[in-house]
**Student:** 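The structure is given below, and queries will be raised subsequently.
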Amino acid sequence: MKRQTKRIVALVLCGLMVAGTVASCSASGIEGGVDSGKSAVETDGSGDSADAVGAAEAENGEEQTSGDTTEDTADQERIDAMEIARTIKLDTSKISTFNDTNGDGYGEFQGFGTSLCWWANRCGYSDVLTQASAEAFYNPETGLGMTIGRYNVGGGDNVTQEDVTAAMKEENPFLHKEHIRRSDSVVPGYCTDVTKIDLNKNSKDYYTENFARADFDCGFAWNYDWDADKNQMNVLIAAAKAAGDEFIGEAFSNSPPYFMTVSGCTSGGEDPSVDNLREDSYTAFACYMADVIEHWASEGVMKFQSVDPMNEPATSYWKMWSDKQEGCHFSQGESQSRILVELNKELKNKGIDIIICASDETSIEAAIMSYKNLTNEAKEVVTRIDTHSYQGTQRDMLKNVAEEGGVNLWMSEVDGTYSIGKKETGMSAALGFADAIRQDLNGMLPSAWIMWDAVDLHVDTNNKFDTCTRAEADKIIEEGTPFWGIAIADHDAQELLLSKKYYAYGQFSRYIRPGYTLVGSSDFTVAAVNKADNSAVIVAINTNSDDLKWEFDLSKFDVGCGSITAIRTSKDENWADVSDSIGTEITGNTFTALVKGSSITTFIVR
């Protein structure tokens, strides 16, 4: 048995010395702590260098060391006296095999991410908010280190602020009064100059020569405005730059363009349980998606790795004139199969090599049924199941369906007002969110986990739909109140406010990196191993308000326990390095450590 003793850490000057002030440190690497509630280095304004500060501390070192040693000894004695409350064993019988690119039986995790829908559309007008969010969410050193961004290819509606008269309707049959009552979810479509084809007036050549796309089955011709969605695209570009070579872009659609729908509205149909893509427009919609993907690749902006033309298609959520968002029903079976096959055909025609996914259903059970009901032709096209986990419990069944089908598996969208524990802990939302991540990662062992709308609340006194005030936003952040999203954008102050949910997410995303393999552990932890260096990462979620002593057994894996780094988020800590204060004791490939009450601790084992 050996005890991980308190490490001696030299003071390092992490900022710039300007006018006698030392800037505080940010994270210096993915194993480093970021924020324990205090500045990394403080000076008295004298401009003393780090060496001078170190010398001053050394001068008083005997007295300080004595006090520290007494306190450390007392803490260690308290931890030693604690009974082991829980033993966590890494499980060799549960190893993710999804995205196993080298055939060694260990699937390679592809990362964590967020949908860009709808916060990127809302924040992308501002360079300040664009850069702040890209750094906070995608920078692997100082932020969450996300690697996946799901880009929403908007359908684009045909609306006006005016009351629509009969004369207006006769001239433009699809025109209707604006109906969405959110500041962020009116995602622009790329189609412009939409013109009904009339071969009694003009020849086919006229439409093919004067428009970027003419679909004679659909009955419409159109051009493209590639600047239409510049806000979301600004964020996508910034996110990819912050993430670097590990970034994965996925394109998905909530609805086809309005003129391809039965209702003429991209929010859904008159009957939300009936398909809203017109029978004559499957090819037109496939061409639209393929054109968007081709354009951004040819411009050198984004080569999307994957695409799904649907979003929660089997639900009955999507009704015309909805006040919330775009959406389109595709029935399970023939309808979903047909659009997947058509999309594949158009992508192949363009020579685009891309992963086609299905079907981003809202529930796990619906994802199972949608995949099972695909035609054989469609199953040949689909190489990954994307699922949401808002509803359903059959995670292991979905995992088995994907494995039997020989396809990859992503958890591609979820969020909510999760809450576990008491409000006064300041961690109820963070713990609830962490447990939702745990359930999905352990239950499905997917190769990616992606949250919905990272910034769902906005403070903007100039926008009538943004009713959250800065005082309310500050209270949410300070108290750890459950809310949708992990951050709040203040458009008045041009600030991004980060919540405890944000730091909870980072306990996973900063340390379980692309290339790692998810393995089974327990109902209180998530574990992953990295075969490249025989290391392991364990994220421990203590929803109990009491400090507990846990034991971690890694004996089934070829993982050494030479050193253990512990990073923790709790009420008063954000990604704090607590390696020296948790009484870690190592025996072979097993170790024990204090797990603070109402906290999330990530152990990096090497």
**Student:** Step through the shown structure and confirm whether more than 12 heavy atoms of other residues, nucleotides or ligands are within 6.0 Å of CG on Asn376.
**Tutor:** no

**Student:** Indicate whether the side chain of Asn152 and that of Glu326 have a donor and an acceptor atom separated by less than 3.5 Å.
**Tutor:**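 Absent: no donor and acceptor within the cut-off.
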
**Student:** Walk me through whether Ile356 and Val307 qualify under side chain to side chain contact (heavy atoms under 4.5 Å, CB included).
**Tutor:** CA-CA 5 Å; Ile356 295 181; Val307 59; 4.1 Å; yes

**Student:** Any sub-3.5 Å donor-acceptor pair from Ser579's side-chain atoms to Thr565's backbone N or O?
**Tutor:**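 No: the side chain of Ser579 does not pair with the backbone of Thr565.
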
**Student:** Are Trp118 and Trp452, when compared by the centres of their aromatic rings, separated by less than 6.0 Å?
**Tutor:**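 Distance test on ring centres: under 6.0 Å, yes.
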
**Student:** Look at atom CG of Asp353 and say whether more than 12 heavy atoms of other residues, nucleotides or ligands are closer to it than 6.0 Å.
**Tutor:** no

**Student:** Is a donor on one side and an acceptor on the other found under 3.5 Å between the side chain of Thr602 and the backbone of Gln507?
**Tutor:** yes

**Student:** Looking at OG1 of Thr517 and CG of Asn530, how far apart are the two atoms once the value is rounded to the nearest 0.5 Å?
**Tutor:** 8.0 Å

**Student:** Specify the closest pair of heavy atoms between Asp100 and Gly105, including all atoms of both residues, with the distance to one decimal.
**Tutor:**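 Heavy atoms of Asp100 and Gly105 come nearest at OD2-N, 2.8 Å.
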
**Student:** Quick check on side chain to side chain contact (heavy atoms under 4.5 Å, CB included): which of Ile355, Asp386, Ile354, Ile450 does Glu250 satisfy it with?
**Tutor:** Asp386

**Student:** Going from OH on Tyr106 to OG1 on Thr97, what distance comes out if it is rounded to the nearest 0.5 angstrom?
**Tutor:** 12.0 Å

**Student:** Lys399 and Glu403: salt bridge (Lys or Arg N to Asp or Glu O under 4.0 Å), yes or no, with the steps?
**Tutor:** CA-CA 6 Å; Lys399 176 177 75 72; Glu403 288 173 341; 3.6 Å; yes

**Student:** How close do Pro313 and Ser359 get, counting heavy atoms only, and between which atoms?
**Tutor:**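 Here Pro313 and Ser359 meet closest at CD-O, 3.1 Å.
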
**Student:** With a 6.0 Å cut-off (strictly less than), is the heavy-atom count around NZ of Lys379, excluding the residue itself, greater than 12?
**Tutor:** yes

**Student:** Between Asp360 and Asn311, is any side-chain donor less than 3.5 angstrom from a side-chain acceptor?
**Tutor:** no

**Student:** Please check this pair: side chain of Thr587 against backbone of Thr590, looking for a donor-acceptor N/O pair closer than 3.5 Å.
**Tutor:**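 No, because the side chain of Thr587 does not come within donor-acceptor range (under 3.5 Å) of the backbone of Thr590.
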
**Student:** Hey, are Asp440 and Arg395 close enough for a salt bridge, meaning a charged N less than 4.0 Å from a carboxylate O?
**Tutor:**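 Looking at Arg395 together with Asp440, the answer is yes, because their closest N to O distance falls below 4.0 Å.
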
**Student:** Could you tell me which non-hydrogen atom of Thr142 sits nearest to which non-hydrogen atom of Arg510, and how far apart they are?
**Tutor:**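 Of all heavy-atom pairs spanning Thr142 and Arg510, the closest is C-NH1, 4.0 Å.
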
**Student:** Do Cys117 and Asn254 come close enough that some side-chain heavy atom pair is under 4.5 Å?
**Tutor:** yes

**Student:** Taking atom types as modelled and ignoring hydrogens, do the side chains of Glu573 and Tyr503 form a donor-acceptor contact shorter than 3.5 angstrom?
**Tutor:**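 Result is no, nothing qualifies.
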
**Student:** Examine distances only and state if a side-chain atom of Ser419 and a backbone atom of Ala429 form a donor-acceptor pair shorter than 3.5 Å.
**Tutor:**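 Answer holds: no.
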
**Student:** If you take all heavy atoms of Lys571 and Met427, which pair is closest and at what distance?
**Tutor:** N-CG, 3.7 Å

**Student:** His388 side chain to Ile364 main-chain N or O, any donor-acceptor pair under 3.5 Å?
**Tutor:** no

**Student:** Are side-chain N/O atoms of Asn400 and Glu404 paired as donor and acceptor at under 3.5 Å?
**Tutor:** no

**Student:** Would you say that Asn534 contacts Phe557 through its side chain, given a criterion of any heavy-atom pair below 4.5 Å between the two side chains?
**Tutor:**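 When only atoms from C-beta onward are counted, Phe557 and Asn534 do not touch, as no gap falls below 4.5 Å.
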
**Student:** Assess the pair Phe137 and Trp119: is the distance between their ring centroids shorter than 6.0 Å?
**Tutor:** yes

**Student:** Ring centroids only, cut at 6.0 angstrom: are Phe591 and Phe552 within range, meaning strictly under it?
**Tutor:** yes

**Student:** Give a yes or no on whether the backbone of Lys501 and the side-chain of Ser499 come within a donor-acceptor separation of less than 3.5 Å.
**Tutor:**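 Side chain of Ser499 to backbone of Lys501: a pair is present.
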
**Student:** Just wondering, more than 12 heavy atoms not from Gln391 lying within 6.0 Å of its CD?
**Tutor:**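 Above 12, so yes.
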
**Student:** For Lys89 and Lys556, indicate whether the former's side chain and the latter's backbone hold a donor-acceptor pair under 3.5 Å.
**Tutor:** no

**Student:** What are the two closest heavy atoms between Leu431 and Ser598, and how far apart are they?
**Tutor:**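 For Leu431 versus Ser598, the nearest heavy atoms are CD1-CA, 4.0 Å.
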
**Student:** When you check the side-chain N and O atoms of Ser522 and Thr525, is any donor under 3.5 Å from an acceptor?
**Tutor:** yes

**Student:** Given 3.5 Å as the limit, does a donor-acceptor pair link the side chain of Lys303 with the main chain of Gly249, or not?
**Tutor:**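 Judged by distance alone, no pair lies under 3.5 Å.
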
**Student:** Going from OG on Ser535 to CZ on Arg513, what distance comes out if it is rounded to the nearest 0.5 angstrom?
**Tutor:** 12.5 Å

**Student:** Who pairs with Tyr317 by ring pair (Phe, Tyr, Trp, His ring centres under 6.0 Å), at least two apart in sequence or on another chain?
**Tutor:**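 Applying ring pair (Phe, Tyr, Trp, His ring centres under 6.0 Å) to Tyr317 gives none.
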
**Student:** Under 6.0 Å between ring centres, would you say that holds for Trp318 and Phe330?
**Tutor:**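 Aromatic pair excluded; centres sit 6.0 Å or further apart.
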
**Student:** Would you check, one step at a time, whether the test side chain to side chain contact (heavy atoms under 4.5 Å, CB included) holds for Leu594 with Arg78?
**Tutor:** CA-CA 10 Å; Leu594 177 76; Arg78 178 176 72 91; 3.9 Å; yes

**Student:** Count the heavy atoms belonging to other residues, nucleotides or ligands that lie under 6.0 Å from NZ of Lys350, then report whether that count exceeds 12.
**Tutor:** yes

**Student:** Nearest 0.5 Å, please: how far is CD in Gln305 from SG in Cys357?
**Tutor:**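 Reported to 0.5 Å precision, the distance equals 8.0 Å.
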
**Student:** Has Glu108 got a side-chain atom pairing as donor or acceptor with Pro514's backbone, closer than 3.5 angstrom?
**Tutor:** no

**Student:** What pair of heavy atoms forms the shortest contact from Val537 to Tyr511, and how long is it?
**Tutor:**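 Taking every non-hydrogen atom into account, CG2-O, 3.5 Å.
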
**Student:** Step by step, would you call Phe112 with Ile148 a side chain to side chain contact (heavy atoms under 4.5 Å, CB included)?
**Tutor:** CA-CA 6 Å; Phe112 294 88; Ile148 300 170; over 6 Å; no

**Student:** Do Ser370 and Gln332 pair up side chain to side chain, a donor and an acceptor below 3.5 Å, judged on atom types alone?
**Tutor:** yes

**Student:** Heavy-atom count around Asp245 CG within 6.0 Å, excluding the residue itself: above 12?
**Tutor:**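 Not buried by this count: 12 neighbours or fewer within 6.0 Å.
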
**Student:** Any heavy-atom pair between the side chains of Lys596 and Asp547 that's under 4.5 Å?
**Tutor:**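 Result yes, sub-4.5 Å side-chain heavy-atom pair found.
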
**Student:** Would you find a donor on one side and an acceptor on the other, under 3.5 Å apart, between the side chain of Ser447 and the backbone of Asn99?
**Tutor:**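 It does not hold such a pair.
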
**Student:** Measure the OG-CD1 distance between Ser581 and Ile79 for me, rounded to the nearest 0.5 Å.
**Tutor:** 7.5 Å

**Student:** By ring pair (Phe, Tyr, Trp, His ring centres under 6.0 Å), which residues pair with Phe304, not counting sequence neighbours?
**Tutor:** Tyr151

**Student:** How far does OG of Ser509 sit from CE of Met451, to the nearest 0.5 angstrom?
**Tutor:** 11.0 Å

**Student:** For Leu144 and Ile486, what are the C-alpha separation, side-chain angles and deciding distance, and is it a side chain to side chain contact (heavy atoms under 4.5 Å, CB included)?
**Tutor:** CA-CA 11 Å; Leu144 293 176; Ile486 55 175; 3.7 Å; yes

